[in-house]
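Only a predicted model underlies this, so the values are computations on that prediction, with no experimental measurement involved.
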Amino acid sequence: MTPMTEVRIAHTADLDAATLKAARTLLYDVFDDMTAEDWEHALGGLHALIHEDGVLTGHACVVQRRLLHGGRALRCGYVEGVGVRADRRGHGLGAALMGALEPLVRRAYDLGALGASDEAAAFYSARGWQLWRGRSWAFTPDGIRRTPDEDGCIYVFPGSARLDLDADLTCDWREGDVW
């Protein structure tokens with residue numbers, strides 16, 4: 001990260017159309033499997049943005065979700081859309097983005113959570129995110145359903161909630177990828 005790099009935090013409602021378009025374009029460039037639903041998942045919360053020379057080079061956001069664990073509905077700061085432009089990776093921008101969001105998660109939510117790719121798992125673990133070892137589920141329109149493909153990909157960030165990382169964890173419903 002260059003000394004002049006700053007992370008801007010803003011709610012979706014406070015971002016202009018050009019910034020939203022730049023964020024969407026960046027995420028589509030970063031992720032070859034990005035979908036319209038994935039973009040929708042990144043809206044409605046707080047965005048961390050890094051601009052360099054007027055160009056968006058890094059984005060991450062946190063949105064509120066409900067996770068069910070141990071008989072409780074927990075308020076979760078769910079991290080979405082973490083991406084850094086390919087030519088800027090390895091310069092600390094991802095760490096700067098997460099460093100801006102993690103204190104917000106810790107102060108405002110019972111826990112943080114995210115779905116991590118195999119490539120990103122070590123990055124999140126090194127930052128204190130913990131692998132959820134229990135089974136994953138989703139509360140769907142048809143009832144609670146197992147999401148076994150997500151097992152081993154979910155990471156949580158400690159907050160005020162007491163967590164048993166080996167127990168079941170259920171997410172609220174949304175279109176597209178539920179986790």
Give the C-alpha distance, both sets of side-chain angles, the deciding distance and a yes or no for side-chain contact (heavy atoms from CB on, under 4.5 Å) between V82 and L114. CA-CA 10 Å; V82 180; L114 56 80; 5.8 Å; no

Return the CD1 to CG distance between I50 and L97, rounded to the nearest 0.5 Å. 4.0 Å

Do T19 and L56 have side chains that get closer than 4.5 Å, going by heavy atoms? no

F123 atom CZ: more than 12 heavy-atom contacts under 6.0 Å: yes

In the single-linkage hydrophobic clustering (I, L, V, M, F, W, Y; side-chain heavy atoms under 4.5 Å), do L43 and L15 co-cluster? yes

Hey, could you give me each pair passing side chain to side chain donor-acceptor pair (under 3.5 Å) that has a residue in residues 151-161? Not counting sequence neighbours. D110-S160, S136-D151, R146-D151

From CZ (R65) to CH2 (W179), nearest 0.5 Å: 7.0 Å

Test item: H47 and H11 side chains (from C-beta on) under 4.5 Å apart, heavy atoms: no

Criterion salt bridge (charged side-chain N to carboxylate O under 4.0 Å, His left out) on E80 and R174, from CA distance to verdict: CA-CA 13 Å; E80 292 282 0; R174 64 186 189 177; 2.7 Å; yes

Which of Y78, Y124, W129, Y109 passes ring-ring contact (aromatic ring centres under 6.0 Å, His included) with F157? It is W129

Are side-chain heavy atoms of L26 and R85 found at a separation under 4.5 Å? yes

Check each of L165, D164, D168, T170 against H69 using the side chain to side chain contact (heavy atoms under 4.5 Å, CB included) test, and report the only one that passes. D164

So CG of L49 and CZ of R8: to nearest 0.5 Å the spacing works out to 6.0 Å

Are V7 and L101 side-chain neighbours, meaning at least one heavy-atom pair lies under 4.5 Å? no

Polar side chain donor-acceptor pair, E150 to W132, under 3.5 angstrom: no

So which of E52, R89, R88 actually passes side chain to side chain donor-acceptor pair (under 3.5 Å) with T57? E52

Is there a side-chain contact between V156 and L163 (heavy atoms, below 4.5 Å)? yes

For the pair W39 and H59, name the ring-plane relationship: parallel under 30°, tilted 30 to 60°, perpendicular over 60°. tilted

Would you call T140 and W173 a side-chain contact if the rule is heavy atoms closer than 4.5 Å? yes

